[in-house]
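See structure below.
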Protein chains: 2
Amino acid sequence: MKQTKISEAVVRRLPIYLQVLNELHNREVQTVSSQELGVKLDLNPAQIRKDLAYFGEFGRKGIGYDVLYLIEKIRQILKVDQPINVALAGAGNLGHALCNYNKYSKDNMKITAVFDAHPSKIGISINNLQVLPMEELPRVIVQQNIRIGIITVPAFEAQNVANQFVEAGIEGILNFAPAILRVPEHIRIHNADFTRDLLSLAYYLAGEGDAANESTVD
Amino acid sequence: MKQTKISEAVVRRLPIYLQVLNELHNREVQTVSSQELGVKLDLNPAQIRKDLAYFGEFGRKGIGYDVLYLIEKIRQILKVDQPINVALAGAGNLGHALCNYNKYSKDNMKITAVFDAHPSKIGISINNLQVLPMEELPRVIVQQNIRIGIITVPAFEAQNVANQFVEAGIEGILNFAPAILRVPEHIRIHNADFTRDLLSLAYYLAGEGDAANESTVD
DNA sequence: TAGATTGTTAATCGATTAACAATC
DNA sequence: TAGATTGTTAATCGATTAACAATC
């Protein structure tokens, strides 16, 4: 038994592997080497092999990895080989957008409930899902065995919604609001606040004094 | 002159610091210590001090950091103290959502042009911005001195749009499409594909065999 | 067999943290 | 002055990469 704690960096690469593998599968590629994956992803092949090796022996020496088999295995590792119900709070444009991904999603994660606090939103239908009032949240989370919550409400309401998710027994939160949320230790929280990506992107713009030497230190 | 190459990890923390500092400033807090920031962000205070020290001496021994001054400094480092024009390709729900952030944005990054390939989208108005056809992209990028492009088109069109952005002279891309994009080395690309966050979140769910020991190795 | 490629160990590299002199 | 907190060096920890025996 390999009880080694898997690092976050490794886990965050798994979905990327899955993405390339799916592309390869769509192009009916049967087999792929860590070398080839490395080229596609700009990653060191040794790193890819090591990442996968944390979870088992999925390749064949001299041959490479069977694409479909590896897809299956990574889906198992990520636990998306089983249905995972997801709730979404905040039926704005962003909420709408995320619900649409449902249609194209090839894995078993599905948004199965949408909540909003605003009376104007309640009852409208997004992708066959009726928007429910926040009061229904605790009941529906339990009833549908929802384990992940997505937050797409404005920043000032985000902490409040997070609390309600936690209270209702959710295990993980994907937060799109530009706010720093406090949750109990056992709750996993991933931030998807795009303003962060955008700001860090700006850093790398060439300036009069570009990123490398824009320091004010002399 | 500190020519040390700043690591990506450091740069990605800067927007987070900025976020807390803005919150503190809104609450009229004048001064903050690395200790306090560390508690708020679950980061080691030494790390925060070291991150900031890469760029200069912004604090005062025995006192801490002046909130407003540090905000200014980080904005300078990230180059968001000057206006940065951003283009967005893909006027779907996600594109709409991102345009709305414009209104609340406190920094100088602004989406100033929106493009879409679909005739049904062209000409409609989002937040006072008329959606333009893709053909206009090269001209408008140059004319408005746009340096960053956001991609919110479907995955299968994403590479094509990226190529057009690069061709038009853009320096950085924020990609929301669940696709792996190839761009020249000098172009910076940040992926904001939320399906990745969601999949890696699933890994941490407690299973029958939870994340720590779900390995198939024996 | 010869060539390719895995899984894994060891070496390297880089990032985080502890510790503390300087100083407000 | 005494207490607090920075900026920075040194120590630690962890992640990436190189190298190679095993083997298809």
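It should be emphasised that the depicted structure is a prediction, and the values quoted were computed from it without experimental measurement.
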From CG of B/L43 across to P of C/dA15 the rounded distance in Å is 15 Å

Here the pair of heavy atoms bringing A/A177 nearest to A/D193 is O-CB, 4.1 Å

Checklist line | Over 12 foreign heavy atoms within 6.0 Å of CD, B/Q144 | finding: yes

With sequence neighbours left out, the residues meeting side-chain contact (heavy atoms from CB on, under 4.5 Å) with A/E36 are A/V32, A/S33

**Message:** Strictly distance-based, threshold 3.5 Å: is any side-chain N or O of A/T112 a donor or acceptor partner for the main-chain N or O of A/I146?
**Reply:** no

B/I6 CD1 to C/dG14 C1', in whole Å, measures 14 Å

Separation between CZ (B/F176) and CD1 (B/I151), nearest 0.5 Å, reads 10.5 Å

To the nearest angstrom, the OH-C1' distance between A/Y54 and C/dG7 comes to 12 Å

Per the under-4.0 Å heavy-atom filter, residues of residues 15-35 of chain B near DNA chain D come out as B/S33, B/S34

Rounded to whole Å, CD of B/E36 lies from P of D/dT5 at a distance of 7 Å

From CG of A/L37 across to C1' of C/dT5 the rounded distance in Å is 12 Å

note: B/D66, atom CG; D/dT6, atom P; distance rounded to Å ~ 13 Å

With the criterion being N/O to N/O and under 3.5 Å, what pairs connect the protein with nucleotides 22-24 of chain D, and how long is each?
unit_1 : atom_1 : unit_2 : atom_2 : d
D/dC24 : O4'    : A/K61  : O      : 3.0
D/dC24 : O3'    : A/R60  : NH1    : 3.3

Geometric cation-pi criterion A/K73 and A/F55, 6.0 Å radius, 45° cone: no

I'd like to know if the side chain of B/N127 and the backbone of B/C99 have a donor-acceptor N/O pair within less than 3.5 Å. yes

| query | Counting only N and O atoms by type, is there a donor-acceptor contact under 3.5 Å from the side chain of A/N108 to the main-chain atoms of A/V80? | reply | yes

I'd like to know if the side chain of A/R27 pairs up with that of A/H25 as donor and acceptor (distance under 3.5 Å, no hydrogens or angles considered). no

Within residues 45-52 of chain B, those residues having any heavy atom closer than 4.0 Å to DNA chain D are B/R49, B/K50

Would you say B/Q159's side chain and B/R182's backbone share a donor-acceptor pair under 3.5 angstrom? yes

Tightest non-hydrogen contact, residues A/P178 and A/T195, listed as CB-OG1, 4.1 Å

In whole angstroms, the gap separating P of C/dA19 from CG of B/N44 amounts to 11 Å

To the nearest angstrom, the CG-C1' distance between B/L41 and C/dT17 comes to 17 Å

Here the side-chain hydrogen bond (donor to acceptor under 3.5 Å, both in side chains) pairs for residues 165-174 of chain B, sequence neighbours left out, are B/R147-B/E171

Evaluate side-chain hydrogen bond (donor to acceptor under 3.5 Å, both in side chains) for B/S34 paired with B/R49, printing each intermediate quantity in order.
CA-CA 6 Å; B/S34 60; B/R49 293 201 298 279; 3.0 Å; yes

Note, DNA chain C 5' to 3' with Watson-Crick or G-U pairs under 3.5 Å encoded as ( ), [ ], | and . gives ..||||||||||||||||||||||

Inset, instruction - Check the pair A/Y17, A/L41 against side chain to side chain contact (heavy atoms under 4.5 Å, CB included), reporting the backbone distance first and the verdict last. - result: CA-CA 8 Å; A/Y17 300 155; A/L41 294 170; 3.7 Å; yes

*Tell me whether the OP1 or OP2 atom of D/dG7 has a side-chain N or O from B/Y65 closer than 4.0 Å.*
yes

